[in-house]
Amino acid sequence: MSPEHSTTRLASTQAAGPDSSVPEPALAPPHGRKRSRPSARGATFYPRKRANAACQVCRARKTKCDNKRPSCSFCLDAGVPCIQSAVDLSSFDPASLRILERLDDLEHLLLVSRRGGQCQEPNPGSRSVADGNDAGVGDRGASGGLPGGSPDVPFQPQPKQPLAQQQEQWQRPPSSLHPESISFILKWPEFQPYSLSDPPNPTATSPSSLSTTTAGNPNSNVLPLDPDPHHIDSLLASFFRNVHIKNPILSESSTRSLVFRSLATESFLLSYTPESCLVLLILALGSLATPFGPSDPQVCPGSQSFLTAGRYYSAAQKRMGGSLLTSDGILGPQCFFLAGVYEMCLLQKTSAWRYFTTALALCQTLEERETNPNEQAVHWSVWKSEREVRAEELHLPDFSFASFGPGESSLRSGGQVQSGGRSVVPSPHPLHSFPSFFPTPPPDGPSLSTDQSAWFFYLAEISLRKLHGGLRDSISRLHTGEFTLEKLVSNVPGYEASANEWAAALPPELSLQNPVAEDDVRRFVLRGHLNNVFELIYWPFVVSVLDSQRQQPHTSPLSPSPRVLGLASKGLETHVRRLTINEPGFRHRHHGTLFMIASCTRSALVLTAARIAGLNIPMPESWDNAVWKALALLEFWERESPGLGRQRKVLQRALTEGASRGTRDCENQGHGFANGGGI
């Protein structure tokens with residue numbers, strides 16, 4: 001047999017495989033006869049110039065592709081992205097293709113043997129180089145090395161997905177469309193190895209010991225009433241400058257008159273009227289509040305100011321009885337709202353929510369709440385505070401009829417369900433079912449400059465909350481149709497423009513163009529809320545990239561488009577920005593301290609998860625420093641809220657152990673989204 005004939009036979013046998021039933025070619029003809037080259041046979045043989053580099057869509061449909069660039073005819077007519085291999089394999093003969101495929105399998109086996117892992121028999125059909133579905137020829141990574149993970153983690157080979165299935169992955173909704181709670185994020189697979197099984201620290205300050213500061217104190221019933229007008233005036237100034245400015249539910253001039261008039265009455269200590277309750281709550285908050293910035297160390301649990309505030313508050317609680325609950329005026333909602341604010345300043349979200357709920361119930365009896373500016377203000381303040389605590393901190397269901405509508409599963413399956421023969425449209429998020437009216441300043445204008453400043457801030461914050469609610473509902477409505485990330489991408493410029501337009505419309509005294517270091521408490525709050533809007537916009541893209549990496553952690557997954565990756569990177573930058581702009585208020589005690597702690601913790605967890613997952617997306621500059629700042633924030637407040645200590649421990653373990661491992665994985669893999677294709 002001639003060498004030429006032997007070579008041809010070897011190539012045919014290898015291509016057909018060991019189990020092939022293809023007959024062997026005939027023996028060589030007698031000498032002197034013209035020998036003809038046997039025709040190629042076997043499943044892998046085909047005409048030399050067949051277009052085996054079809055785009056992914058045509059390959060999935062198993063239809064002919066004309067390979068036009070940048071889009072084939074079918075994809076152009078269908079209006080879908082045309083993904084074509086960057087390497088033209090049509091010039092390779094069948095034997096070369098088979099050799100390349102076997103080399104890829106050998107590389108896979110070599111990698112497994114070096115890591116000491118258990119390997120399943122590779123599936124030649126699912127690792128075809130011709131499919132462009134592997135880190136094979138032309139896709140070995142930026143460094144040209146072998147893909148892999150951390151050397152101290154056994155490599156578990158993952159079955160390869162067909163290209164059509166990988167592409168479909170980017171057409172599904174992400175596992176989370178909106179920013180989630182801390183408890184939900186801690187269940188992410190990135191944090192499972194670092195979860196704590198030990199019970200909460202019993203030495204941490206209990207919630208009841210903070211809200212009832214005077215418990216066990218023999219002087220708890222002695223009110224610290226100082227008849228000195230200067231002392232009372234300082235407490236009033238502290239209240240209106242540091243508390244009331246964020247929720248202007250009172251008239252400063254009339255409230256000052258009420259306080260001094262009440263304290264001048266000899267029977268004030270024996271009075272249990274709604275007016276006396278309001279006065280005591282104002283004095284309690286005035287004693288507890290501090291100017292923006294790190295809270296005065298003299299106003300902390302156990303300090304004299306803290307105990308004084310507790311005595312005022314304890315006396316006010318004794319007056320929140322039947323007379324206040326059955327009153328028809330505005331004093332009832334005002335008192336219960338301020339009691340909720342006090343509890344929020346102590347990080348007691350459950351107690352605060354109970355007071356806000358009571359105040360909201362009393363607001364329903366206000367006959368002029370849609371026309372009277374004072375009643376409008378208290379109704380809006382109570383409504384947004386109750387919704388914030390319930391939806392963002394306690395994660396309790398809504399009490400409205402709409403809460404009995406379809407869940408998320410129905411949203412993903414079409415957006416409507418049948419109930420009693422009629423169609424039920426999914427209800428919006430409970431945080432964004434706004435009252436039918438909008439608060440308006442008093443008709444005669446604010447009485448004092450602080451009133452005017454408070455109303456500017458108040459209206460700006462409400463308008464931003466409505467914008468946030470509208471964007472959230474817009475993103476949720478994408479579930480009612482055929483979801484694609486590209487459809488969401490097309491909406492992002494409009495979302496960003498709306499947020500930037502809101503910021504540009506702010507009055508000069510609230511402008512966010514000034515440096516963060518010059519922020520007062522109003523700019524600090526507005527800047528944080530605006531960052532929440534951008535977090536909402538970019539959240540689905542960050543989660544989608546995480547989802548993809550979780551499904552294929554040790555392979556080179558099909559990458560989303562550069563626009564999706566760019567928005568995911570923006571999302572990570574938004575989390576770093578939050579920790580930067582909130583740092584001046586890390587130790588400031590106020591109504592929104594709990595919300596700030598929760599949002600900063602969420603940002604630190606997302607950044608750490610991104611590093612652990614090894615997304616191969618550039619991490620924002622100084623992201624690790626930002627996470628360490630969040631750890632310091634949790635450590636400062638964990639004495640007053642035991643759950644924060646557990647969150648800090650998990651985050652610290654994940655950062656010190658998991659994030660460094662994720663860095664090694666990224667360096668060893670040498671592949672990922674940076675080297676992948678695009679949808």
- Heavy atoms of Lys466 and Trp380 approach each other most closely as CD-CH2, 4.4 Å
- Taking the side chain as every heavy atom from C-beta outward, state whether Leu579 and Leu607 have any atom pair closer than 4.5 Å. yes
- Does Phe337 reach the side chain of Leu281, with side-chain heavy atoms less than 4.5 Å apart? no
- Geometric class of the His591/Phe356 ring pair [parallel <30°, tilted 30-60°, perpendicular >60°]: tilted
- Task: Over 60° means perpendicular and under 30° means parallel, so classify the ring planes of Tyr313 and Tyr355, tilted if in between.
- Result: perpendicular
- Anything under 30° is parallel, anything over 60° is perpendicular, the rest tilted; go ahead and classify Phe240 against His244. perpendicular
- Answer yes or no: is there a donor N or O on one side and an acceptor on the other, between the side chain of Thr265 and the main chain of Phe268, under 3.5 Å? no
- Query: With a 4.0 Å cut-off, would you call Lys384 and Glu461 a salt bridge?
  - Reply: yes
- For residues Pro333 and His379, determine if any side-chain heavy atom of one lies less than 4.5 Å from a side-chain heavy atom of the other. no
- Task: State which residues pass ring pair (Phe, Tyr, Trp, His ring centres under 6.0 Å) with Tyr458; sequence neighbours excluded, sorted by chain then number.
- Result: Trp455
- Mind checking whether Arg387 and Glu392 have side chains closer than 4.5 Å, heavy atoms only? no
- Item | Aromatic ring proximity Phe636/Phe586, centre distance under 6.0 Å | no
- Message: Below 30° counts as parallel, above 60° as perpendicular, anything between as tilted: where do the rings of Phe524 and Phe292 land?
- Response: tilted
- Query: Should the pair Glu252-Arg256 be classified as a salt bridge under the 4.0 Å nitrogen-to-oxygen rule?
  - Reply: yes
- Glu535 meets the salt bridge (Lys or Arg N to Asp or Glu O under 4.0 Å) criterion, sequence neighbours left out, with Arg578, Arg602
